[in-house]
Participant: 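One structure coming up, written as structure tokens, with questions to follow.
Since this is a predicted model, take the numbers as computed values, not measurements. Note on naming: letters A, B, ... go to the chains in the order of the sequence lines (proteins, then strands), and numbering restarts at 1 for each one.
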Amino acid sequence: MRWTESLINTLWQAPSEAEISSHKLMLRAGLVKKLAAGIYIFMPLGLKVLRKIENIVREEMDASGALELLMPTLQPEQLWQETGRWDKMGKEMMKIQDRHKRQFGLGPTHEEIVTDVIRKEVKSYKQLPVTLYQIQTKFRDEIRPRFGVIRAREFTMKDAYSFDRDIDGLNKNYKKMREAYCKIFDRCALKYQIVEAESGIMGGDVSHEFMALADSGEDTIVLCPSCGYSASMEKAEGDKCPKCASRMKIKKGIELGHIFKLGTKYSESMGAEFLDKDGKKKTIVMGCYGIGISRIIAAVIEQNNDENGIIWPKSIAPYQVEILPVNVNDNETMQIAENLYKNFLSERIEVIIDDRNERPGIKFKDADLIGIPIRITISSQKAKDNIVEIHKRDTGENKLVKIDDLLENLRIYL
RNA sequence: CGGGGCGUAGCGCAGCUUGGUUUAGCGCGCCUGCCUUGGGAGCAGGAGGCCGGAGGUUCAAAUCCUCUCGCCCCGACCA
């Protein structure tokens with residue numbers, strides 16, 4: 001990508017609406033723009049990051065054996081009446097009417113729909129277990145949208161649902177999902193804590209939250225230093241460990257994901273049953289598993305930034321390498337820069353070249369702000385000796401290398 | 001929804017108390033030219049606003065009054 005063709009607009013000062021660093025940086029780097037409270041446009045640079053995360057999630061979900069499908073956002077009232085959640089969800093569900101005055105909800109979650117799918121498709125124990133997932137836009141009319149994409153009213157979520165013959169199967173699937181979640185958050189370079197949680201309106205008895213540790217987080221979690229027990233504040237109801245009674249540490253976090261053992265709450269009310277080996281009708285046992293995809297972006301930035309800007313982990317960086325020619329009016333510089341750019345493209349290295357005719361200071365500041373992991377600076381003096389500089393955004397390490405050795409040196413970091 | 005605060009150019013802000021001195025201003029950004037090119041340079045010229053909206057008071061409203069819409073922060077909810 002050429003900067004001059006990228007529609008990347010950075011801001012010197014963060015809009016006053018932003019309070020926490022991830023929100024400020026997302027706006028300053030131009031990843032997102034606000035359309036209304038809790039409603040954001042993902043600009044091209046921001047969308048690249050979102051897609052990277054989606055792909056990681058997709059890969060790990062597929063690896064766990066889950067099947068991807070896509071369910072509608074628009075959901076008929078009747079299904080929600082079956083479980084009683086049409087009223088229970090209350091004002092959090094955005095509701096609309098069609099021209100025939102039929103009521104629809106904009107999906108805040110998809111238990112009703114997916115259970116409807118399964119009760120129609122699954123008849124036999126032979127079809128179980130099965131896990132379905134989707135990556136899709138969700139709508140929740142939050143009481144108070146906040147912190148940019150961290151609590152938005154429209155957001156991208158991965159939601160998965162497991163269907164088993166019995167509790168035993170559910171326990172296995174639950175464990176499998178938990179492991180998949182760990183892989184996902186590890187790959188996103190997040191520091192997180194798994195905590196016992198309340199199930200809330202989802203129902204079921206067991207649930208765990210994956211919390212990104214961040215001082216700016218809205219959620220409070222407690223950790224027991226002696227026995228390792230950890231839970232959300234609501235679940236723990238205090239700072240004494242329920243397991244070993246020692247005093248627990250309190251930390252702040254951002255909820256990235258939440259997994260639930262639902263049991264038969266939905267399958268029972270909606271009649272999702274199957275015929276078991278013995279020819280008897282049984283109720284399907286369910287679990288559900290959510291990840292806030294767009295929220296991950298904010299959490300990663302919250303954990304990876306400095307006074308100059310974002311520091312992307314390479315797994316979700318919008319580009320791996322930024323080429324920064326110090327002076328675009330210098331022929332020698334530009335010849336090298338353009339050659340490298342073409343080279344990287346053919347090597348399938350994700351690269352952006354800052355080909356703007358700006359003074360170096362502006363380009364360096366912007367490079368730091370958008371946080372590409374590796375910067376290659378090309379200046380006229382060093383170009384004479386066929387030398388360029390590699391700069392690592394995370395460590396600040398600088399290295400001068402011969403152009404012929406550049407790719408080799410780069411491979412170490414990519 | 002309760003409590004607090006804010007809407008003036010793309011972003012950050014001043015002006016409002018005490019209406020007229022404003023053709024509505026400043027910094028950054030944007031456009032043109034010159035100059036400059038290793039950490040947000042300089043000079044000159046320029047574009048961009050129904051001062052959130054609607055009513056009202058007044059000879060006169062960004063400024064005073066009423067209503068309204070939007071946004072942010074603190075609380076309960078959530079990925």
Participant: Mind checking Ile201(A) for me? I need base, sugar-phosphate or nothing, with any heavy atom below 4.0 Å counting as a touch.
Facilitator: sugar-phosphate
Participant: Expressed in angstrom and rounded to an integer, what is the separation of Phe185(A) atom CZ from A79(B) atom P?
Facilitator: 12 Å
Participant: Within this structure, what is the CG-to-C1' distance between Asp141(A) and C77(B), rounded to whole angstrom?
Facilitator: 12 Å
Participant: Starting from C1' on C78(B), measure out to CE on Met94(A) and report it in whole angstrom.
Facilitator: 14 Å
Participant: Does atom NZ (Lys399(A)) have a neighbourhood of more than 12 heavy atoms from anything else shown, all under 6.0 Å?
Facilitator: yes
Participant: Whether the side chain of Arg28(A) and the base of G40(B) hold a donor-acceptor pair under 3.5 Å is what I'd like checked.
Facilitator: yes
Participant: So what does Phe155(A) touch, heavy atoms closer than 4.0 Å: a base, only the sugar-phosphate, or nothing?
Facilitator: base
Participant: Answer with base, sugar-phosphate or nothing: what part of the nucleic acid does Lys158(A) contact at a heavy-atom distance below 4.0 Å?
Facilitator: nothing
Participant: Hey, is Asp116(A) close enough to Lys120(A) for a salt bridge, meaning N to O under 4.0 Å?
Facilitator: yes
Participant: Considering non-hydrogen atoms only, spot the tightest contact between Ile316(A) and Cys188(A) and give its length.
Facilitator: CG2-SG, 4.3 Å
Participant: Name the nucleic acid region contacted by Asn9(A), choosing base, sugar-phosphate or nothing; use a 4.0 angstrom heavy-atom cut-off, strictly under.
Facilitator: nothing
Participant: Do Arg85(A) and Glu111(A) sit within salt-bridge range, that is, some charged N less than 4.0 Å from a carboxylate O?
Facilitator: yes
Participant: At 4.0 Å (heavy atoms only), tell me whether Arg375(A) reaches a base, stays on the sugar-phosphate, or touches nothing.
Facilitator: base
Participant: Whether the side chain of Glu218(A) and the base of G75(B) hold a donor-acceptor pair under 3.5 Å is what I'd like checked.
Facilitator: no
Participant: Below 4.0 angstrom from OP1 or OP2 of C77(B), is there any side-chain N or O of Arg140(A)?
Facilitator: no
Participant: Can you find an N or O donor on one side and an acceptor on the other, under 3.5 Å apart, linking the side chain of Arg151(A) with the base of C77(B)?
Facilitator: yes
Participant: OP1 or OP2 of U36(B) sitting under 4.0 Å from any side-chain N/O of Arg359(A)?
Facilitator: no
Participant: Specify the residue among Ile143(A) and Ala152(A) whose closest nucleotide of RNA chain B lies further upstream toward the 5′ end.
Facilitator: Ile143(A)
Participant: Round to the nearest Å and state the distance from Ile259(A) atom CD1 to A79(B) atom P.
Facilitator: 12 Å
Participant: On RNA chain B, nearest-nucleotide positions of Lys34(A) versus Arg295(A): which is more 5'?
Facilitator: Lys34(A)
Participant: For a quick test of reading the model, state the closest non-hydrogen atom pair linking Leu47(A) to Phe42(A) and the distance between them.
Facilitator: N-CD2, 4.1 Å
Participant: Round to a whole Å and report the spacing from CG of Asn327(A) to P of G39(B).
Facilitator: 13 Å
Participant: Return no unless some side-chain N or O of Ser16(A) is found under 4.0 Å from OP1 or OP2 of C71(B).
Facilitator: no
Participant: Please check if the number of heavy atoms outside Lys33(A) that lie under 6.0 Å from its NZ is greater than 12.
Facilitator: yes
Participant: State whether the aromatic ring of Trp12(A) stacks on the base of G40(B), taking stacking to mean ring centres under 5.5 Å apart and ring planes under 30° to each other.
Facilitator: yes
Participant: Using atom CG of Asp330(A) as one end and atom C1' of G38(B) as the other, report the distance to the nearest whole Å.
Facilitator: 13 Å
Participant: Between Arg146(A) and C73(B), is there a side-chain N or O to OP1/OP2 distance below 4.0 Å?
Facilitator: no
Participant: For Gly361(A), answer base if it contacts any base atom (sugar-phosphate contacts may also be present), sugar-phosphate if it contacts only those atoms, and nothing otherwise; contact means non-hydrogen atoms under 4.0 Å.
Facilitator: sugar-phosphate
Participant: For a quick check of understanding: with a heavy-atom distance under 4.0 Å over all strands, which category does Ala18(A) fall into, base, sugar-phosphate or nothing?
Facilitator: nothing
Participant: How would you label the contact of Tyr289(A) with the nucleic acid (heavy atoms, under 4.0 Å): base, sugar-phosphate, or nothing?
Facilitator: nothing
Participant: Need the pair for U23(B). Rule: Watson-Crick or G-U wobble, both distances under 3.5 Å, any strand; none if unpaired.
Facilitator: none
Participant: Which part of the nucleic acid, if any, lies within reach of Lys91(A) when heavy atoms closer than 4.0 Å are counted: base, sugar-phosphate only, or nothing?
Facilitator: nothing
Participant: Using a heavy-atom cut-off of 4.0 Å across all strands, would you classify Ile362(A) as base, sugar-phosphate, or nothing?
Facilitator: base
Participant: Indicate, with a heavy-atom threshold strictly under 4.0 Å, whether Asn329(A) touches base, sugar-phosphate, or nothing.
Facilitator: base
Participant: Once you apply a heavy-atom cut-off of 4.0 Å, does Ala299(A) come out as touching a base, just sugar-phosphate, or nothing?
Facilitator: nothing
Participant: Under 3.5 Å for both donor-acceptor distances, Watson-Crick or wobble: does G75(B) have a partner, and if so which one?
Facilitator: C1(B)
Participant: At 4.0 Å (heavy atoms only), tell me whether Glu142(A) reaches a base, stays on the sugar-phosphate, or touches nothing.
Facilitator: base
Participant: With the side chain counted from C-beta on, respond yes when Met286(A) and Lys265(A) share a heavy-atom pair under 4.5 Å apart, and no when they do not.
Facilitator: no
Participant: Rounding to an integer number of Å, can you tell me how far Lys88(A) NZ sits from C77(B) C1'?
Facilitator: 15 Å
Participant: Would you indicate what Thr156(A) reaches in the nucleic acid, counting non-hydrogen atoms under 4.0 angstrom: base, sugar-phosphate, or nothing?
Facilitator: nothing
Participant: Could you tell me whether a side-chain N or O of Tyr341(A) sits under 3.5 Å from a main-chain N or O of Met1(A), the two making a donor and an acceptor?
Facilitator: yes
Participant: Under the 3.5 Å rule, do the base of G38(B) and the side chain of Glu389(A) count as making a donor-acceptor pair?
Facilitator: yes
Participant: Record whether the side chain of Thr377(A) comes under 3.5 Å of the base of G38(B) through a donor-acceptor pair of N or O atoms.
Facilitator: no
Participant: Once you round it to whole Å, what is the distance between P of A9(B) and CD of Gln13(A)?
Facilitator: 14 Å
